[in-house]
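Quick notes on the structure that follows.
All heavy atoms count here, side chains included; hydrogens, waters and symmetry mates do not. A quick note: this is a predicted structure, and the numbers were derived from the prediction, not measured.
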Amino acid sequence: MKLLLILVVHITFYTALPGSAKIMTLKTREGVSQSFLLIENDNAVATVILFAGGHGNLGLTSSNENLMSWGSNNFLLRSRELFVNQGFNVVVLDAPSDRKSADGMLYGFRTCFEHVADIDFVMAFLRRRSRNPIWLVGTSRGTESVAFSAIFSLKPPSGVVLTSSMSEENKKGDSLPELMLDKIKIPVFIAAHEKDRCWVTRPEGAETIKEQLSRASEVIVRYYSGGLQSRSDACSGLSAHGFLGIEDRVIEDIAKFITRHIQGSKP
């Protein structure tokens with residue numbers, strides 16, 4: 001099935017926050033809006049769009065001092081300033097307005113064409129704002145969004161990053177091996193923690209995902225160890241699943257991979 005859409009970017013509104021951060025809202029599908037946090041860096045070499053795991057309904061708001069009502073402990077969301085410090089514009093994607101129930105983007109939304117349409121609208125808006133390449137970065141269930149978008153986007157991102165990837169079949173979404181990963185042709189960086197005990201993101205699943213990315217221009221799998229003692233359950237962010245205590249090391253490696261591809265250098 002092909003996704004046929006005409007992308008007309010329309011800003012509904014935006015809210016300025018302290019510093020360079022803004023909460024943007026775009027009309028994407030009929031009767032649907034998509035909000036996201038945008039942090040711009042004057043010297044940015046690329047833009048990264050971060051996809052949290054779980055239900056993904058962040059509840060972005062300017063009235064909350066934490067900017068979101070859910071997800072602040074997520075690996076990528078708590079590391080967003082590390083991406084800024086590495087020289088990137090940063091986008092944090094919320095759930096769209098039609099997925100604001102308790103289930104959020106669970107049960108198949110992350111791997112449907114409506115989700116791809118929303119992401120395409122956001123990327124189209126960002127390309128109008130800057131010529132910087134766009135990379136999609138997901139963690140846990142956010143890797144479903146990233147992989148599916150990389151397969152079906154009308155204008156795919158420059159590359160993708162998968163961290164604590166969904167590798168096991170489950171009822172709340174799709175595993176990456178169930179998707180048509182051989183359709184992805186862009187570079188892919190895969191990060192896994194050797195001590196990730198979440199049953200749907202086992203570290204050995206990274207190799208299965210790599211094998212299926214047979215047409216990607218480059219695939220690197222990097223395993224991590226160490227960090228701090230877990231302060232959450234095995235599938236939540238304050239654990240090895242969320243690279244607790246080694247965030248800076250993981251983000252630095254991701255940044256090096258992205259920058260190398262921007263510069264066109266060989267590994």
Measuring from atom CG of L82 to atom CZ of R80, what distance do you get when rounded to the nearest 0.5 angstrom?
10.5 Å

Taking all non-hydrogen atoms of both residues, which atom of G138 and which atom of V146 are closest, and how far apart?
N-CG2, 3.5 Å

Is it true that the side chains of S175 and S167 contain a donor and an acceptor less than 3.5 Å apart?
no

Under a single-linkage rule joining Ile, Leu, Val, Met, Phe, Trp and Tyr whose side-chain heavy atoms are separated by less than 4.5 Å, which residues share a cluster with V32?
none

Stepwise, does the side-chain contact (heavy atoms from CB on, under 4.5 Å) test hold for M166 with S140?
CA-CA 6 Å; M166 298 295 295; S140 196; 4.1 Å; yes

Does a donor on one side chain sit under 3.5 Å from an acceptor on the other, for D196 and T201?
yes

Same hydrophobic cluster for L37 and M105, using side-chain heavy-atom links shorter than 4.5 Å among ILVMFWY?
no

Drop me the distance from I258's CD1 to S158's OG, to the nearest 0.5 angstrom.
9.5 Å

I'd like to know if the side chain of R78 and the backbone of G237 have a donor-acceptor N/O pair within less than 3.5 Å.
yes

Any T163 side-chain heavy atom under 4.5 Å of H193 side chain:
no

Within a strict 4.5 Å, meaning less than it, do heavy atoms of the L76 and F83 side chains meet?
yes

Where at least one partner belongs to residues 160-173, residue pairs that pass salt bridge (charged side-chain N to carboxylate O under 4.0 Å, His left out), sequence neighbours excluded
E168-R202

Student check: side-chain heavy atoms of R222 and I254 closer than 4.5 Å
no

Count the heavy atoms of every other residue, nucleotide or ligand shown that sit under 6.0 Å from NZ of K100, and state whether that count exceeds 12.
yes

Classify the angle between the aromatic ring planes of H115 and F51 as parallel (below 30°), tilted (30 to 60°) or perpendicular (above 60°).
perpendicular

Determine, stepwise, if the pair F243 / S164 fulfils side-chain contact (heavy atoms from CB on, under 4.5 Å).
CA-CA 9 Å; F243 304 94; S164 302; 3.4 Å; yes

Run the numbers on I49 and L126 for side-chain contact (heavy atoms from CB on, under 4.5 Å), then give the verdict.
CA-CA 10 Å; I49 304 180; L126 295 171; 3.8 Å; yes

Among the clusters formed by ILVMFWY side chains lying less than 4.5 Å apart, do I119 and L106 turn up in the same one?
no

Linked, directly or transitively: F152 and L181 (ILVMFWY side chains, under 4.5 Å):
yes

Shortest non-hydrogen pair, S239 vs S230, comes out as CB-OG, 3.4 Å

Test side-chain contact (heavy atoms from CB on, under 4.5 Å) on D118 and R29; report intermediate values, then the result.
CA-CA 7 Å; D118 295 338; R29 296 170 278 125; 2.8 Å; yes

Could you tell me the separation between the OG1 atom of T25 and the CG atom of L60, rounded to the nearest 0.5 Å?
8.5 Å

Between R260 and E218, is there a side-chain heavy-atom distance shorter than 4.5 Å?
yes

CZ of F125 to OG of S130, rounded to nearest 0.5 Å, is 11.0 Å

Pairs meeting criterion side-chain hydrogen bond (donor to acceptor under 3.5 Å, both in side chains) with involvement of residues 36-50, two or more places apart
K22-E40, E40-R129, T47-N89

Distance (rounded to the nearest 0.5 Å) between D94 CG and Q34 CD:
7.0 Å

Once salt bridge (charged side-chain N to carboxylate O under 4.0 Å, His left out) is applied, what residue pairs with a partner in residues 131-160 remain, sequence neighbours excluded?
R141-E144

Establish whether V116 and M180 are linked, either directly or via other cluster members, by ILVMFWY side-chain heavy-atom contacts under 4.5 Å.
yes

Is there a donor-acceptor contact under 3.5 Å from the side chain of E247 to the main chain of G245?
yes

Tightest non-hydrogen contact, residues K195 and A240, listed as O-CB, 3.6 Å

Could you tell me which non-hydrogen atom of P177 sits nearest to which non-hydrogen atom of T208, and how far apart they are?
CG-CG2, 4.1 Å

A95 backbone acceptor or donor facing N57 side chain under 3.5 Å
no

Side chain proximity check, L179 to F148, heavy atoms < 4.5 angstrom:
yes

Hey, does the side chain of Q212 reach the backbone of D182 with a donor-acceptor pair shorter than 3.5 angstrom?
no

Sidechain-backbone polar pair: T259 side chain, A255 backbone, donor-acceptor under 3.5 Å:
yes

Can you confirm whether S232 sits close enough to N73 that some side-chain heavy atom of one is under 4.5 Å from a side-chain heavy atom of the other?
no

Heavy atoms only: give me the nearest A191-Y224 pair and the separation to one decimal.
CB-CE1, 3.8 Å

Is there side-chain contact between L77 and L58, with at least one heavy-atom pair below 4.5 Å?
yes

May I ask you to decide if the ring planes of F257 and W135 are parallel, tilted or perpendicular, using 30° and 60° as cut-offs?
perpendicular

Among all residues two or more places apart in sequence or in another chain, which pass the side chain to side chain contact (heavy atoms under 4.5 Å, CB included) test with Y223?
A192, E194, P203, A206, E207, V221

For residues 135-200, the disulfide (SG to SG under 2.5 Å) pairs (sequence neighbours left out) are C198-C235

Can a donor-acceptor pair be found between the side chains of S153 and D120 at a distance below 3.5 Å?
yes

For the backbone of A52 and the side chain of N74, can you confirm whether one donor and one acceptor N or O come within less than 3.5 Å of each other?
no

Closest contact, heavy atoms only, I246 versus G226:
CG2-C, 4.1 Å

Euclidean distance, K183 NZ relative to R215 CZ, rounded to 0.5 Å:
6.0 Å

Heavy atoms, side chains only, cut-off 4.5 Å: are F189 and D253 in contact?
yes

Please determine whether a side-chain nitrogen of the Lys or Arg among R99 and E114 lies less than 4.0 Å from a carboxylate oxygen of the Asp or Glu.
no

Taking a hydrophobic cluster as the set of Ile, Leu, Val, Met, Phe, Trp and Tyr residues connected by side-chain heavy atoms closer than 4.5 Å, whether directly or through intermediates, do L238 and M68 fall within one such cluster?
no

